[in-house]
Engineer: 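Quick one: the structure is below, questions incoming.
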Number of protein chains: 2
Amino acid sequence: MAAISGGKTYHHGDLRNALICAAVDLATDGGPERVVLREAARRVGVSPTAAYRHFDGRGELLRTVKLHAQCRLADSMERAAAGEPGADDPALAAERRLVALCRGYVGFAVDEPGLYRAAFCVPRPAEAEESVVGRAAATEPEIRAFTLLREALEGLAKVGVPRPEGRTAAGAAAWSAVHGLSLLLLDGPLRRLPAQRRDDVVESTLAMVVSGTRGL
Amino acid sequence: MAAISGGKTYHHGDLRNALICAAVDLATDGGPERVVLREAARRVGVSPTAAYRHFDGRGELLRTVKLHAQCRLADSMERAAAGEPGADDPALAAERRLVALCRGYVGFAVDEPGLYRAAFCVPRPAEAEESVVGRAAATEPEIRAFTLLREALEGLAKVGVPRPEGRTAAGAAAWSAVHGLSLLLLDGPLRRLPAQRRDDVVESTLAMVVSGTRGL
DNA sequence: TGCCCGATGTTGACCACATGAACATTCCAG
DNA sequence: CTGGAATGTTCATGTGGTCAACATCGGGCA
């Protein structure tokens with residue numbers, strides 16, 4: 001139960017969640033590298049080591065933030081796609097959906113750079129392995145953002161556009177484009193692009209995606 | 001003059017360079033976050049603070065490594081393009097060159113993940129501004145990798161493929177695709193892809209780029 | 001020739017973090 | 001009620017970045 005009373009008790013009551021929120025805040029303005037255990041604890045008003053009762057360490061806290069960020073990204077994509085008007089031509093509708101999803105993707109990256117970077121931050125050294133070494137590498141759940149793109153491309157496929165063999169590859173290609181574009185816009189050389197030109201670049205890239213995945 | 005003699009003297013003689021090499025080594029296996037001032041100094045056999053005689057701090061050391069990595073990336077692209085056979089049809093030749101450059105790009109990312117990540121690492125907080133605030137933001141030299149892609153696309157344009165207006169945008173789009181692909185392959189969900197499938201994805205993405213930038 | 005200053009390194013110190021061990025406080029099930 | 005499991009706290013250690021004060025070297029000028 002969430003602590004309603006303001007009175008501080010020895011036991012926080014919902015520390016894990018509170019820490020996650022604080023960590024998400026940190027990531028939101030500052031990206032994954034600013035997700036610092038001590039700072040999160042400080043913000044929640046608790047000693048640094050308290051976090052270890054709920055997380056394996058900074059690594060796990062960060063991984064949690066990462067998951068959260070991935071969800072938010074997918075949400076943004078779905079929101080963008082939901083706002084898209086349908087079309088009589090199913091092929092056109094499918095194409096529009098794909099473009100809308102991509103726009104939602106890049107839009108999220110631009111609006112929430114910190115979270116976006118967190119969504120793709122790379123696990124620290126050696127902490128990459130979570131379970132037993134001998135076991136098959138834990139099959140991580142497919143990121144929803146990718147699922148959305150893939151399904152959109154399958155939607156196009158049903159209408160006969162891309163050939164089935166290349167569908168997954170087409171998804172990866174489309175994802176590559178929006179992901180790369182996002183990062184170039186955030187940290188890369190397209191960073192300082194004025195908003196006008198930025199939109200141009202985004203549109204060009206989306207055009208490349210729709211026309212370029214046609215033949216796959 | 002490089003210190004030939006093994007005898008350690010109080011003055012190193014070429015510390016700046018030695019530190020850069022050590023830092024590059026660190027980045028090479030471990031990425032930018034492992035570029036640690038103290039460790040670099042340790043490897044060179046010098047006290048940590050000695051580095052401050054040659055660099056503003058870790059930030060500048062890292063920035064130097066970043067530049068180095070960008071050069072290596074461009075080198076890889078040029079090497080790949082150089083190995084490409086010409087073609088009678090100039091349009092075909094131009095297209096081949098573009099694809100070769102892209103292959104060189106992704107190839108470098110896959111072969112040298114640490115360096116590749118270093119080439120695009122984002123400057124730390126607040127250290128982003130190097131000079132006076134009032135001055136126009138220092139116009140960074142265009143990254144050679146991008147120049148190569150842009151020129152390749154201009155090569156295609158001369159042959160009449162993309163329309164001139166979109167040329168820069170086309171370059172950005174192409175770059176986005178290879179950059180995103182590289183990162184997805186390195187850290188992202190395409191990380192554990194078997195080599196076979198990886199090549200498929202690369203080829204699909206390149207196909208998307210060449211066919212998708214045609215209309216820009 | 002010899003000395004002095006500036007460039008280059010070194011020591012020591014401080015602060016922020018991650019993390020582990022040992023100890024304290026609660027809370028709840030039996 | 002009461003004792004152990006949960007949950008926090010304090011203390012301690014190790015790594016890294018960075019600064020100030022001090023040491024050393026090497027070359028140019030009197």
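Chain letters run A, B, ... following the sequence lines, proteins first and then strands; every chain starts at 1. Every value quoted in this text rests on a predicted model; they were computed, and no experiment measured them.
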Engineer: Which distance, rounded to the nearest 0.5 Å, do you find between the CD of A:Q70 and the CG of A:L115?
Structural biologist: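 Going from CD on A:Q70 over to CG on A:L115, the span is 11.5 Å.
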
Engineer: Please state how far atom CG in B:L15 lies from atom P in D:dT24, giving the value in whole angstrom units.
Structural biologist: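 Taking CG of B:L15 and P of D:dT24, I get 18 Å after rounding.
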
Engineer: Run B:L148 and B:R97 through side-chain contact (heavy atoms from CB on, under 4.5 Å) and show every step you take.
Structural biologist: CA-CA 10 Å; B:L148 288 171; B:R97 177 176 167 80; 4.0 Å; yes

Engineer: In whole angstrom, what separates B:E33's CD from D:dG17's P?
Structural biologist: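 Distance check: B:E33 CD to D:dG17 P gives 13 Å.
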
Engineer: In whole Å, what is the span from the CG atom of B:D14 to the C1' atom of C:dT8?
Structural biologist: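 Nearest whole value for this atom pair: 13 Å.
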
Engineer: Looking at C:dT26, does its base get a donor-acceptor pair with the side chain of A:T9 below 3.5 Å?
Structural biologist: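 Looking at the base of C:dT26, it does not pair with any donor or acceptor on the side chain of A:T9 (distance under 3.5 Å).
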
Engineer: Looking at every non-hydrogen atom in both residues, tell me the closest pair between B:A27 and B:V65 and how far apart they are.
Structural biologist: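 Looking at all heavy atoms of both residues, the closest pair is CB-CG1, 3.8 Å.
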
Engineer: Quickly work out the B:H54 NE2 to C:dG6 C1' distance and round it to whole Å.
Structural biologist: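 Result: 14 Å.
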
Engineer: Where is the tightest heavy-atom contact between B:L206 and B:C102, given as atom of each residue plus distance?
Structural biologist: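 In this case the closest contact between B:L206 and B:C102 is CD2-CB, 3.3 Å.
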
Engineer: Go nucleotide by nucleotide along DNA chain D from the 5' end; which of B:G57 and B:R53 gets its closest nucleotide reached first?
Structural biologist: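 First, find each residue's nearest nucleotide; the 5'-ward one identifies B:G57.
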
Engineer: Measure OH/A:Y52 against C1'/D:dA6 and give the value in whole Å, please.
Structural biologist: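 Taking atom C1' of D:dA6 as the reference, OH of A:Y52 is at 18 Å.
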
Engineer: Taking N and O atoms by type only, does the side chain of A:S47 place a donor or acceptor under 3.5 Å from a partner on the base of D:dT10?
Structural biologist: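 Check fails, no donor-acceptor contact within cut-off.
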
Engineer: Salt-bridged, B:E60 to B:K66, with N to O below 4.0 Å?
Structural biologist: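 Salt bridge: no.
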
Engineer: What's the CZ-P distance between B:F55 and D:dG17, to the nearest Å?
Structural biologist: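 After rounding, the reported distance stands at 14 Å.
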
Engineer: How many whole angstroms separate atom CG of A:L26 from atom C1' of C:dC17?
Structural biologist: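 Distance check: A:L26 CG to C:dC17 C1' gives 13 Å.
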
Engineer: Provide a list of protein-nucleic acid N or O atom pairs under 3.5 angstrom, restricted to nucleotides 14-16 of chain D.
Structural biologist:
unit_1: D:dG16; atom_1: OP2; unit_2: B:R42; atom_2: NH2; d: 2.7

Engineer: Using a strict cut-off of less than 4.0 Å between a Lys/Arg side-chain nitrogen and an Asp/Glu carboxylate oxygen, indicate whether A:E33 and A:R117 qualify as a salt bridge.
Structural biologist: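 Here A:E33 pairs with A:R117 in a salt bridge, since their nearest N and O are under 4.0 Å apart.
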
Engineer: Measure from CG on B:L61 to C1' on D:dT18 and round the result to the nearest Å.
Structural biologist: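 After rounding, the gap between these two atoms is 14 Å.
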
Engineer: Start with the C-alpha distance between B:Y105 and B:F146, add both sets of side-chain angles, then the distance that settles ring pair (Phe, Tyr, Trp, His ring centres under 6.0 Å), and finish with yes or no.
Structural biologist: CA-CA 10 Å; B:Y105 189 105; B:F146 184 40; over 10 Å; no

Engineer: Select one nucleotide: of C:dA18, C:dT10, D:dC19, the one nearest the side-chain heavy atoms of B:V46.
Structural biologist: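 Nucleotide nearest to B:V46's side chain: C:dT10.
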
